[in-house]
Amino acid sequence: MKQLKQQLQWGLCALSCALSTAVLVACGGGGGAADTASQAPATPAPTLPGASTAGVVDGTITGFGSVVIDGQRYDDSLAKVAFANQPDTQTAGTLGDLHTGMRVQATLKDGVLQNMLVNFALVGTVGAVDGTAGTLSVFGQTIKTTTTGQLPTVFEGFSALSQLAVGDLVKVSGTVASDGSITATRIERKVKDGTELFRISGAVQALDTTAKTFTLVGNTSVTVSYANAKLLPTGAVIENGKLVSVVSANAPAASGGKTVLNASVVEVKARKLQDSSDTTVGGPINDFQSLASLRIGDVLVDASTATLKEGTVAADVTNGAQAQAHGTVKDGVMKADWLRVFKNDTAIKALLIGQITDYVSLANFTLRGTVVDASAAKFTKGSAADVAAGAWVQVSGQLTPAGVKATEIAVQPPPADKPQRLAGAISAVDATAKSFTLLGTTVKWSDTTKVSPDGKSLANLAAGVAVTVEGTYSATTGVFTATSVTVVNTTGVVKTIGFSGIAFNVTDTSLQIGSYTVLITPNTLLQPAGTKLADLVNGSRLSVKVSVSGSDGSLKLTAISIELQKPEKDDAGNEYVYLAGLVGDFVSSADFKVGSQKVDASASTVKFIDGDATKLGNGVKVEIKGSVKDGVLIAKRWAGRTQGSGKVRTAAEAARVRIALSNRTDETHRWSDSSSAACFHDSPRSRFPRRHGRRRQWQIHADGRSGRAPGPGLAGGR
C-alpha cells in the first residue's frame with residue numbers, strides 16, 4: 001500500500017506548472033517559409049480528438065518543422081512556449097529556444113498545440129564522471145546517459161562525457177527514476193557567470209519537519225534545508241515520497257558536518273495531471289510492476305487493457321525501455337488505450353523541415369538549428385547537388401548526441417503562389433527554354449524579367465554563377481517564374497559561413513562548436529574590443545564567422561572573427577528576445593513572419609540597419625530584437641547604458657531590425673552604421689555592433705536561427 005501511494009504521488013506531478021502564462025511563438029507550423037513541405041508524420045499520428053477536445057502531450061522534442069515530440073509531428077501554429085527556469089516564474093520562449101532532447105509538457109486543443117512548458121530536472125556542477133558507465137554525478141545525484149538506442153542523450157558544449165571536468169556547470173533535461181537517478185535526454189554545459197540558479201529534483205526522504213531538512217531518494221550526500229524556502233504551490237506540504245524540485249542561488253556547502261543545500265524555493269510536484277480523454281506521454285519506463293502499474297516518464301500508467309502497437313509485446317514493457325502511451329487521465333492516473341515500446345524497426349525518428357543554413361558539406365550543415373550529417377542519406381527527391389544554404393529540405397533520421405544522422409532527405413520547392421526570393425549558385429542552364437536550376441528548383445525568365453546589375457544578360461548565365469531571384473513558384477507547373485534576377489560575380493569570393501553556439505575543446509589554436517572544428521589564427525579578430533584568447537573557455541557562448549577551404553574530404557574552417565557573447569537584460573532584469581532568419585508571409589512591416597514567428601516591426605522607435613521598412617519582403621534576411629506580446633514579436637524600445645559610458649540610449653536607439661540587402665549565400669554580408677551612438681549588445685544569434693566613435697563596418701551572417709539570451713544554445717543538437 002505504501003508503495004502504491006508513492007507511485008500515485010509520482011504520477012501526479014506531470015503538469016505542475018501553470019501553462020497559461022507562456023508566450024505564443026510558432027515553431028514552423030504556421031505557414032512560414034520553413035514549413036513548406038507536406039508529408040506524413042515521422043510516426044503514425046494518434047487519432048485526433050473531437051471538436052474542442054482538450055489533450056495533453058508529455059515527452060521529448062525530437063525534431064522541428066512544426067514541433068516533433070517523441071517522433072510525432074504536432075501543429076504548433078497556436079503554440080505558446082515558456083521555460084520553467086524558476087518554479088515561481090516562467091520565462092517566455094521562442095523557436096530558437098527549443099532544442100532536440102528537451103522535455104516538454106504541452107496542452108492540445110483539437111490536435112493543435114496550445115501551451116508548451118520546457119522543464120529541466122537539474123542544474124549544478126559536476127562532481128564526478130564515469131565515461132565507462134556513461135554516468136556523471138551532480139550534487140550527489142546520478143545522471144545516466146546513452147549515446148545509442150532510440151533516444152540518445154543530446155550533448156551541447158561537449159561531444160563526450162570524457163570532455164566534462166569536475167566543477168563544470170551543466171543543465172540537464174530528463175526524467176527522475178524511482179531510484180533517484182536522472183535519465184538524461186539532453187545535457188548542456190554552461191559558463192558560470194554568478195547568475196546561475198542551482199536545481200535538484202527527486203522524491204523526498206528522511207524528512208525532519210523540526211529541523212526543516214530532507215534528502216532525496218538515491219542521494220544521501222546532500223541535505224536540503226528548507227528553513228528559509230518559499231514553498232510552491234501555495235499551501236503545499238512537504239512529505240516523504242513526494243516529488244520536489246529544489247532551487248537555490250548557492251551550491252551545496254559544508255555545514256554542521258553535512259553538505260547542505262539551502263533552498264530558496266521548493267516546488268512540491270504533487271498536483272494531479274489534469275483530467276483529459278486525449279493524453280499522450282513518452283519517456284523511459286520506470287517502476288514497472290505489471291501492465292496495470294508502471295510509469296512512463298513521470299506519469300503513472302495502467303496499460304492492462306491497452307492495445308500493444310507496432311510489434312510491441314508484453315515482454316518489451318520493461319524498466320528502461322523507451323515507450324509512448326495514449327489514453328484517458330483521471331485523478332492523475334492514465335488508463336491507456338494503446339502503448340508501444342520503440343524498437344529498432346519502430347525507432348523514434350528525428351524530423352526536420354525547413355531551409356538549410358551554415359552549409360559546410362553534405363556531412364555537416366544546419367537545419368532548424370540542428371546539425372545534420374546527410375553523407376549517407378537516401379534522396380527521395382532531388383540530389384546532393386541541390387543541397388546548399390537556402391535550400392528547402394525535409395530530413396528524417398536518427399537523433400545522435402551531436403544532432404541528426406539523416407537516413408532520408410527530400411529537396412522541397414519553395415512555398416507555392418507566394419512571392420519568394422531564392423539565392424544560390426546555378427547548377428544548370430537551358431538558354432533556349434530560358435530557364436536554369438537553382439536549389440533544386442526550375443527557374444524561368446522572360447523578356448520582362450528585370451536584370452541587375454545593368455549590362456548583365458541572362459542569356460549568358462552558366463552553372464556556378466551565383467544569383468538572387470525574386471518571383472513565385474507554381475505547384476501546378478513546378479516552375480519558379482522570376483520577376484527579377486540579380487547576377488552576383490563570384491570570381492575570387494571566399495566562401496564564408498557564420499554560426500553561434502557553446503564552445504568546447506578550446507585551445508590557443510582551435511575550438512569546437514557542435515560538429516564544427518574552427519581554427520584560430522593570429523589574424524582572427526576577437527570581439528568585443530579587449531577580448532583575449534584566455535577569455536574563450538569551455539562553455540563560452542560564441543558567434544563565429546569562418547572561411548571554408550579545401551575539398552569535401554578535408555574541409556577546413558578558419559575563424560575570421562569570434563565574438564564572445566554575454567547575457568543581456570533590460571533594466572527590469574528581463575532577458576531580450578532575438579530572432580534571425582528569412583521573412584515569410586509578408587503583408588507589411590507590422591505583419592510578417594520569420595520562421596513562422598509573427599513579427600511587428602512597424603513602431604516608430606524601431607531602427608533599421610542597412611535599409612528601412614520598405615526593404616522588408618519575403619526572402620529577406622533579418623535579425624530582430626524585441627519582446628513577445630500576445631504571440632507577436634514586437635521590435636520595442638528598450639533602455640540601458642552604453643558600454644563604457646553613462647549615456648542612456650535614445651528612442652532612436654530602440655529595438656533594431658537588420659536587413660540583408662543581398663541574399664548572396666557564398667560571401668559575407670556587411671552592415672554599417674554611421675551613428676557614433678549606435679550600441680548593439682551581444683545576443684546569442686545576432687551580431688550587434690558595439691558603440692564606437694567612428695564609422696565602421698560589421699560583418700555578420702543571417703543563418704535562419706532564432707532565440708533569446710541566454711537561453712539554450714544551438715550547437716550540437718538543437
Side-chain angles (χ1 to χ4, degrees), residues 2-19 58 83-90 103 105 117-124 137-143 171-184 196-252 258-273 283 286-287 295 297-300 332:
K2 180 178 179 181
Q3 185 181 37
L4 178 60
K5 179 180 178 182
Q6 181 172 338
Q7 291 171 346
L8 286 169
Q9 289 168 337
W10 274 80
L12 299 179
C13 70
L15 289 181
S16 59
C17 295
L19 298 171
D58 184 306
F83 286 76
N85 293 323
Q86 299 184 48
D88 52 348
T89 59
Q90 294 179 5
R103 291 285 304 181
Q105 298 167 349
L117 184 68
V118 180
N119 285 299
F120 298 96
L122 180 145
V123 181
S137 175
V138 178
F139 294 164
Q141 196 156 12
T142 299
I143 313 301
K171 194 171 189 177
V172 180
S173 300
T175 55
V176 182
S178 57
D179 64 359
S181 65
I182 293 177
T183 302
E196 53 269 7
L197 290 175
F198 301 104
R199 176 192 294 262
I200 58 175
S201 302
V204 173
Q205 68 175 6
L207 176 65
D208 185 335
T209 56
T210 301
K212 293 189 175 181
T213 61
F214 60 83
T215 61
L216 298 180
V217 171
N219 182 2
T220 58
S221 61
V222 174
T223 298
V224 176
S225 170
Y226 65 96
N228 299 309
K230 179 179 180 180
L231 299 185
L232 294 175
T234 302
V237 177
I238 299 175
E239 296 176 352
N240 283 324
K242 281 190 175 181
L243 183 66
V244 297
S245 186
V246 181
V247 175
S248 175
N250 299 296
K258 299 179 180 179
T259 301
V260 178
L261 179 68
N262 289 302
S264 56
V265 179
V266 176
E267 180 186 12
V268 181
K269 294 177 172 286
R271 297 178 183 174
K272 293 180 180 179
L273 187 67
N286 284 291
D287 289 347
R295 275 196 305 114
D298 293 330
V299 180
L300 185 64

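Each residue takes its place number in the sequence, starting with 1.
- Closest approach of Ile143 and Ala184 over heavy atoms only: CG2-CB, 3.8 Å.
- Taking every heavy atom of both residues into account, Ala229 and Val265 meet most closely at CB-N, 4.2 Å.
- Considering only residues two or more places apart in sequence or on other chains, Ser245 meets the side chain to side chain contact (heavy atoms under 4.5 Å, CB included) condition with Arg199, Ser201, Glu267, Lys269.
- With Asn286 contributing its side chain and Arg295 its backbone, the two residues share no donor-acceptor pair below 3.5 Å.
- Each salt bridge (charged side-chain N to carboxylate O under 4.0 Å, His left out) pair with one or both residues in residues 219-233, not counting sequence neighbours, appears once here: Asp88-Lys230.
- Between Val172 and the choices Ile182, Val138, Ile200, Thr183, the side chain to side chain contact (heavy atoms under 4.5 Å, CB included) rule is met once, by Ile182.
- Proximity of Val246 to Phe214: side-chain heavy atoms (C-beta onward) are separated by under 4.5 Å at one or more points.
- Minimum heavy-atom separation, Leu243 to Ala203: CD1-N, 4.0 Å.
- For Asp208, the salt bridge (charged side-chain N to carboxylate O under 4.0 Å, His left out) criterion is met by no residue, not counting sequence neighbours.
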Practice prompt. Starting from the C-alpha separation in whole Å, work towards a yes-or-no answer on side chain to side chain donor-acceptor pair (under 3.5 Å) for Ser178 and Asp287.
Written response: CA-CA 6 Å; Ser178 57; Asp287 289 347; 2.6 Å; yes
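- The line from OG1 of Thr209 to CD1 of Ile238 is 10.0 Å long, rounded to the nearest 0.5 Å.
- Of all heavy-atom pairs spanning Ser221 and Gly140, the tightest one is OG-CA, 3.3 Å.
- In this structure, Phe139 and Gly124 approach most closely via the heavy-atom pair CE1-CA, 3.6 Å.
- Screening Asp58, Val118, Leu117 against Arg103 for a side chain to side chain contact (heavy atoms under 4.5 Å, CB included) leaves a single residue, Asp58.
- Panel note: side chain Ser248, backbone Asn262; a donor-acceptor pair is recorded below 3.5 Å.
- Under the side chain to side chain contact (heavy atoms under 4.5 Å, CB included) criterion, Thr259 pairs with Val222, Pro252, not counting sequence neighbours.
- Not counting sequence neighbours, the partners of Ala249 by the side chain to side chain contact (heavy atoms under 4.5 Å, CB included) test are Leu197.
- Among residues two or more places apart in sequence or in another chain, the side chain to side chain contact (heavy atoms under 4.5 Å, CB included) test is passed with Thr215 by Gln205, Ala206, Thr223.
- The minimum heavy-atom distance between Ala121 and Gly174, with the atom names listed, is CB-O, 3.9 Å.
- You'll find the side chain of Leu122 stays beyond 4.5 Å of the side chain of Val176, heavy atoms only.
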